[in-house]
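Worksheet: the structure to be examined is printed underneath.
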Amino acid sequence: MSAGQMKRGFVRLLILVQVAAALAGPVAGELSMGYYGMTCPFAEYIVRNVVGEALMKDPTLAGSLLRLHFHDCFVQGCDASVLLDSADGNTAEKDAPANQSLRGFEVIDSIKEAVEAQCPGVVSCADVLALAARDAVFMARGPYYGVPLGRRDGTRSVASDTFLALPPPINNVTLLIQIFANVSLDVHDMVALSGGHTLGIAHCANFKARLQAETETLDSSLATSLGSVCQGGDSATAPFDRTSTRFDAVYYRELTSRRGLLSSDQALFESPETREMVSMFAMNPSYFFYAFQQGMYKMGQINLKVGDEGEIRRTCRVINS
Ligand code: HEM
């Protein structure tokens, strides 16, 4: 058999495996591909349409939708707890300090409304969020990955649950590794998922400490431009990289030039534990895409509620009464 035939055979096998995986039953715990195939066959299509419309109007929402899914999964698992509104006597996750700048809730509301109109009480908000993040990444020219479905929505959302669960933007890789390990993500996942910062912006409040204390690991021209941004106060913003609405490996290339925005970004290049991964992702965007897909797949399985647990919320902002 020639090398060409072997390669074609391998590609066919790969496609077959992917098709089989897509049609198969459970793939991850009790989640499965095509979970809504019989009960809400157009669910994924609806999500894609609404996300597409939203990003046409405002491409910066791609990063916001990705971040929403991340902040959902790291606190109480991927159960849409981040979407719940505060109520009398309870400050919800979304009103915790680390979540103050989350955006994109309206997009999720529109998707849920459209899905409920087609198939009421079937598709969870947690699945809507996982799909919206995937589609947002893909529409920003990032990798496409399958999202196994069947998550159920949680009923608890408490601001203080975010305190130890969400990583702060500080210069300490050991702590970042620990926070990811708490949800069974390893250091490789941590570095790959941090590549989510190829999209979006941060507020001066979150990077001004770097301007003051990290001059040795901060490119001087970036220091000057961020300095003038922060003259606008804590609420002024800067993009994570030069291509902040495009999903690419530029984020890692910036880190290798000491142009990371947050202390936690630059720390990935400065720490011997993670420096090589940053360099690899910077040099090989396809490898970054692959590692990001794997990381997102794992992140989407954190502490799931399935079977009898949780509920299928009618609207994503309140638990069913
Ligand atoms: C490694 C630990 C991480 C830390 C310390 C961190 C911290 C932050 C901070 C401080 C901001 C800016 C908030 C603001 O000023 O408005 C931010 C934004 C963002 N984060 Fe992270 N993050 C981390 C990991 C991740 C991961 C794993 C993802 C996704 C997989 C992600 C996706 C994003 C995105 C897309 C934005 C921009 C959001 C927007 O423009 O609306 N981050 N992150």
Taking the six-membered ring for Trp and the single ring otherwise, decide whether the centroids of Phe240 and Phe207 are under 6.0 Å apart.
->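 Judged by ring-centre distance (under 6.0 Å), Phe240 and Phe207 do not meet the cut-off.
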Kindly say whether the aromatic ring centers of Phe247 and Phe292 come within a distance under 6.0 Å.
-> yes
Identify the heavy atoms of [X] and [Y] that sit nearest to each other, and give their distance.
{"X": "His71", "Y": "Asn99", "result": "ND1-OD1, 2.6 Å"}
{"X": "Ala132", "Y": "Ile111", "result": "CB-CD1, 3.9 Å"}
{"X": "Pro168", "Y": "Ile179", "result": "CD-CD1, 3.8 Å"}

Can a salt bridge be assigned to the pair [X] and [Y] using a cut-off of 4.0 Å between side-chain N and carboxylate O?
{"X": "Glu270", "Y": "Arg258", "value": "yes"}
{"X": "Asp265", "Y": "Arg210", "value": "no"}
{"X": "Lys112", "Y": "Glu116", "value": "yes"}
{"X": "Asp58", "Y": "Arg103", "value": "yes"}
{"X": "Arg253", "Y": "Asp241", "value": "no"}

[X] side-chain N/O to [Y] backbone N/O, donor-acceptor pair under 3.5 Å:
{"X": "Glu311", "Y": "Arg152", "value": "no"}
{"X": "Arg313", "Y": "Ala80", "value": "yes"}
{"X": "Ser64", "Y": "Gly104", "value": "no"}
{"X": "Asp85", "Y": "Val318", "value": "no"}
{"X": "Gln266", "Y": "Leu255", "value": "yes"}
{"X": "Arg151", "Y": "Pro148", "value": "yes"}
{"X": "Lys94", "Y": "Val82", "value": "no"}

Leu84 side chain near Thr155 side chain, heavy-atom distance below 4.5 Å =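 No, every pair of side-chain atoms sits at 4.5 Å or beyond.
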Does a side-chain heavy-atom distance below 4.5 Å link Arg259 with Ser221?
-> yes
Check: residues 136-147 side-chain donor-acceptor pairs under 3.5 Å, at least two apart:
residue, atom, partner, partner atom, Å
Tyr144, OH, Arg134, NH1, 3.1
Tyr144, OH, Arg134, NH2, 3.4

Do the side-chain N and O atoms of Asp127 and Tyr36 include a donor-acceptor pair separated by under 3.5 angstrom?
->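 Note: Asp127 and Tyr36 side chains meet the donor-acceptor criterion.
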Does the side chain of Asn182 pick up a donor-acceptor pair with the side chain of Gln178 at under 3.5 Å?
->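 There is such a pair (donor and acceptor under 3.5 Å, judged by atom type) between the side chains of Asn182 and Gln178.
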Relative to the ring of Phe288, is the ring of Phe281 parallel (under 30°), tilted (30 to 60°) or perpendicular (over 60°)?
-> tilted
According to the interplanar angle, ranging from 0 to 90°, do the rings of Phe70 and Phe74 count as parallel (below 30°), tilted (30 to 60°) or perpendicular (above 60°)?
->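 Because their plane-to-plane angle is over 60°, the rings of Phe70 and Phe74 count as perpendicular.
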Let me see the working for Leu211 and Leu218 under side-chain contact (heavy atoms from CB on, under 4.5 Å), right down to the final yes or no.
-> CA-CA 8 Å; Leu211 291 181; Leu218 177 59; 3.7 Å; yes
Report the C-alpha distance between Ile302 and Leu185 in whole Å, list the side-chain angles of each, state the deciding distance to 0.1 Å, and finish with yes or no for side-chain contact (heavy atoms from CB on, under 4.5 Å).
-> CA-CA 9 Å; Ile302 297 171; Leu185 294 171; 4.2 Å; yes
Between Thr245, Asp248, Thr243, which is the residue that forms a side-chain hydrogen bond (donor to acceptor under 3.5 Å, both in side chains) with Thr198?
->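 Exactly one candidate clears the test, Asp248.
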